[in-house]
A.B. asks: 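Here it is, the structure in full.
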Amino acid sequence: MEGNKPSKWLIIFAYFVVYVVWGSTYFFIGKALNSFSPFILGSFRFIGASLILMTYCKLKGYKLWDKQIVKQSVLIGIMLLFIDMAGIIWTEQFLPSGLVAIMAASAAIWFILLDKPKWKQNFSSLSTIFGVLLGFIGVLMLFYEQVIVVDISSEQQTLNIIGLVILIFCSIAWTFGSLYSKYVVEAQRKKDKEKPKEDLNIMVKTAWQMITAGVLFNTVAIFNGEYSQFSFSNVQTEGWLCMAYLTTFGSILAFGSYVWLLQVRPSIEVSTYAYVNPIIAVALSYFFSDDIVTSLQIYGLIVILFSLLLMNWNLYKNTKVLQKLLNYVNNKRMTSAH
């Protein structure tokens, strides 16, 4: 997945994977938690994925080590795959996977607020500012539901609120990691033009990020006592199938596609995966689980998705696809007028 001019179809495929496959991982995490505790789930998933990916890279003959680049990959792995995923997996023990996915969609808000080099561009229009404000309203709607609407005990209510707060911090960590990944690579490319240096393949970098996450998940699982209560015999067949899906499709294919897209496309454009992920997650949660999808969650999702549209409107209105659509609509109006 590397090259100065990536194929248009390769980019389309990568977006499809990030949009659809990644959206389904929330559902499969919830299913896998019936057999695995949170940090054992993360440990098995990322250690397994990193071993598969690193073995592939070794067989392909890719260079596997560069101290500076591996150090960068470790930092990215901590923010993207450990902090963010640990929060998502942990909260899915008691929050519906669809709700978790909706909260994760709010990461696009933080892309706008934290991408400092793009502040002038991002806040050049009222639509972006209004989109950010509307996005926060959508998030507040989800908090309101847990505080006022949901008929649960006060203890569970408090736990749910804590879970939502953790998900916000996870989104911030994810955004920092994504932006760090993008701008560090850009800075490295500029430096390499002045002093050429062999870079590590994107899959090697991804493998190191997964190794980092796997080691950290495993360390926490050891010290919080999860392994002392774990038994392979208690893992259901469904649990292993979910683990296999999360490891191969969720981690290797989807995350690898996401990291690659960050290198070849604008970060705000890549963040549009947040439109589709929660819809896929909510649909799977509604049709294939016992989770209750409330009307307020749907309204919150609609508000957040509309806010994303407004935040990225300046980007979209300059694309050829939207221009063709607007021209088509205008032509139809002119035809109807005659």
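Residues take their numbers from the sequence shown, with the count starting at 1.
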A.B. asks: Does the plane of the ring in Trp110 sit parallel, tilted or perpendicular to the ring in Phe136? Use 30° and 60° as the thresholds.
C.D. replies: perpendicular

A.B. asks: Start with the C-alpha distance between Phe223 and Asn218, add both sets of side-chain angles, then the distance that settles side chain to side chain contact (heavy atoms under 4.5 Å, CB included), and finish with yes or no.
C.D. replies: CA-CA 9 Å; Phe223 284 100; Asn218 193 57; over 6 Å; no

A.B. asks: Should we say atom CZ of Phe230 is surrounded by more than 12 heavy atoms from elsewhere, each under 6.0 Å from it?
C.D. replies: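 Check passes, neighbour count above 12.
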
A.B. asks: From Gln297 CD over to Leu99 CG, what is the distance, rounded to the nearest 0.5 angstrom?
C.D. replies: 5.0 Å

A.B. asks: Which pairs would a plain distance check flag for residues 47-62, meaning a side-chain donor or acceptor within less than 3.5 Å of a matching protein atom at least two apart in sequence or in another chain?
C.D. replies:
{"residue": "Ser50", "atom": "OG", "partner": "Phe46", "partner atom": "O", "Å": "3.0"}
{"residue": "Ser50", "atom": "OG", "partner": "Ile47", "partner atom": "O", "Å": "2.9"}
{"residue": "Thr55", "atom": "OG1", "partner": "Leu51", "partner atom": "O", "Å": "2.6"}

A.B. asks: Hey, what's the ring geometry for Phe44 with Trp240, parallel, tilted or perpendicular (30° and 60° as the breaks)?
C.D. replies: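 Answer is parallel, since the angle falls under 30°.
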
A.B. asks: Do Leu134 and Leu126 sit in one hydrophobic cluster, given that two such residues count as connected whenever their side-chain heavy atoms are within less than 4.5 Å of each other, even indirectly?
C.D. replies: no

A.B. asks: If you round to the nearest 0.5 Å, how far is CD1 of Ile83 from CD1 of Ile172?
C.D. replies: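 CD1 of Ile83 is found 11.0 Å from CD1 of Ile172.
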
A.B. asks: Tell me the closest heavy-atom pair linking Leu64 and Val70, and the distance in Å.
C.D. replies: O-CG2, 4.4 Å

A.B. asks: To the nearest 0.5 Å, how far apart are CD1 in Ile280 and CZ in Phe27?
C.D. replies: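 If we round to the nearest 0.5 Å, Ile280:CD1 and Phe27:CZ are 12.5 Å apart.
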
A.B. asks: Are Val282 and Ile298 close enough, and set up right, to give a side chain to side chain contact (heavy atoms under 4.5 Å, CB included), and what steps lead you there?
C.D. replies: CA-CA 9 Å; Val282 169; Ile298 298 298; 4.1 Å; yes

A.B. asks: Have a look at Tyr19 and tell me which of Trp22, Phe16, Tyr15 forms a side chain to side chain contact (heavy atoms under 4.5 Å, CB included) with it.
C.D. replies: Tyr15

A.B. asks: Do the non-hydrogen side-chain atoms of Ser37 and Gln229 ever get within less than 4.5 Å of each other?
C.D. replies: no

A.B. asks: Does any donor atom in the side chain of Thr25 or Tyr245 lie under 3.5 Å from an acceptor atom in the other side chain?
C.D. replies: no

A.B. asks: Output the distance between atom CZ (Phe176) and atom CG (Asp84), rounded to the nearest 0.5 Å.
C.D. replies: 13.5 Å

A.B. asks: Hydrophobic clusters here meaning ILVMFWY residues chained together by side-chain heavy-atom distances under 4.5 Å, can you tell me if Leu95 and Leu140 are in one?
C.D. replies: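 Result: no, two separate clusters.
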
A.B. asks: Please determine whether the number of non-hydrogen atoms from other residues, nucleotides or ligands lying under 6.0 Å from atom OH of Tyr227 exceeds 12.
C.D. replies: yes

A.B. asks: Taking side-chain contact (heavy atoms from CB on, under 4.5 Å) as the test, write out the residues that go with Phe94, two or more places apart.
C.D. replies: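 For Phe94, the residues satisfying side-chain contact (heavy atoms from CB on, under 4.5 Å) (neighbours in sequence not counted) are Trp90, Thr91, Gln156, Leu159, Asn160.
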
A.B. asks: Is there a side-chain contact between Leu41 and Ile29 in this structure, where contact means two heavy atoms from C-beta onward sitting under 4.5 Å apart?
C.D. replies: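 Sidechains of Ile29 and Leu41: in contact.
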
A.B. asks: Under 3.5 Å, is there a donor-acceptor pair between the side chain of Thr219 and the main chain of Val215?
C.D. replies: yes

A.B. asks: Can you name the nearest heavy-atom pair linking Lys63 to Leu200, along with the distance?
C.D. replies: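 So the two residues come closest at O-CD2, 3.3 Å.
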
A.B. asks: Verify side chain to side chain contact (heavy atoms under 4.5 Å, CB included) between Asp291 and Tyr286, making sure each step is shown before the conclusion.
C.D. replies: CA-CA 6 Å; Asp291 293 341; Tyr286 180 79; over 6 Å; no

A.B. asks: Would you kindly say whether Thr294 and Tyr299 are connected by a side-chain donor-acceptor distance under 3.5 Å?
C.D. replies: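 No, Tyr299 and Thr294 have no side-chain donor paired with an acceptor closer than 3.5 Å.
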
A.B. asks: Checking Glu226 against Asn224: is there a side-chain donor and acceptor pair closer than 3.5 Å?
C.D. replies: yes

A.B. asks: Any side-chain heavy atom of Met85 sitting closer than 4.5 Å to one from Phe255?
C.D. replies: no

A.B. asks: Using every non-hydrogen atom in the two residues, find where Leu253 and Val17 come nearest and quote the distance to one decimal.
C.D. replies: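 So the minimum-distance heavy-atom pair works out to CG-CG1, 3.7 Å.
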
A.B. asks: I need the minimum non-hydrogen distance between Ser228 and Gly225, along with the two atoms involved.
C.D. replies: OG-O, 2.6 Å

A.B. asks: Please give me the minimum heavy-atom distance between Arg45 and Gly250, naming the atom from each residue.
C.D. replies: NH2-C, 3.7 Å

A.B. asks: Passes side chain to side chain contact (heavy atoms under 4.5 Å, CB included), Gln72 versus Tyr180? Steps please.
C.D. replies: CA-CA 9 Å; Gln72 295 169 355; Tyr180 177 81; 3.7 Å; yes

A.B. asks: Quick one: side-chain contact (heavy atoms from CB on, under 4.5 Å) partners of Ile279, sequence neighbours excluded?
C.D. replies: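 Expected list: Leu301, Leu305.
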
A.B. asks: Restricting to non-hydrogen atoms, name the atom on Ala173 and the atom on Met79 that form the minimum distance, rounded to 0.1 Å.
C.D. replies: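 That would be O-CB, 3.6 Å.
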
A.B. asks: Could you name each residue pair satisfying side chain to side chain donor-acceptor pair (under 3.5 Å) that touches residues 206-215, not counting sequence neighbours?
C.D. replies: none

A.B. asks: Apart from Trp9 itself, which Ile, Leu, Val, Met, Phe, Trp or Tyr residues share its cluster (side-chain heavy atoms under 4.5 Å, direct or through members)?
C.D. replies: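 Its cluster partners, ordered by chain and number, are Ile12.
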
A.B. asks: Side-chain contact test, heavy atoms from C-beta onward, threshold under 4.5 Å: evaluate it for Arg265 versus Ile11 and give yes or no.
C.D. replies: yes

A.B. asks: If you link I, L, V, M, F, W and Y whenever their side-chain heavy atoms are under 4.5 Å apart, who else ends up in the same group as Leu241?
C.D. replies: none

A.B. asks: I'd like to check Ser178 versus Leu80 (side-chain heavy atoms, cut-off strictly below 4.5 Å). Are they in contact?
C.D. replies: yes

A.B. asks: If you measure from CG on Leu81 to OG on Ser251, what distance do you get to the nearest 0.5 Å?
C.D. replies: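 These two atoms lie 7.0 Å from each other.
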
A.B. asks: To the closest 0.5 Å, what do you measure between CG (Asn234) and CG (Asn34)?
C.D. replies: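 CG of Asn34 is found 13.0 Å from CG of Asn234.
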
A.B. asks: Side chains of Val74 and Ile78: closer than 4.5 Å at any heavy-atom pair?
C.D. replies: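 The answer is yes; the side chains approach within 4.5 Å.
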
A.B. asks: Going through the checks in order, is the side-chain hydrogen bond (donor to acceptor under 3.5 Å, both in side chains) test met by Ser285 and Tyr26?
C.D. replies: CA-CA 9 Å; Ser285 177; Tyr26 295 94; over 6 Å; no

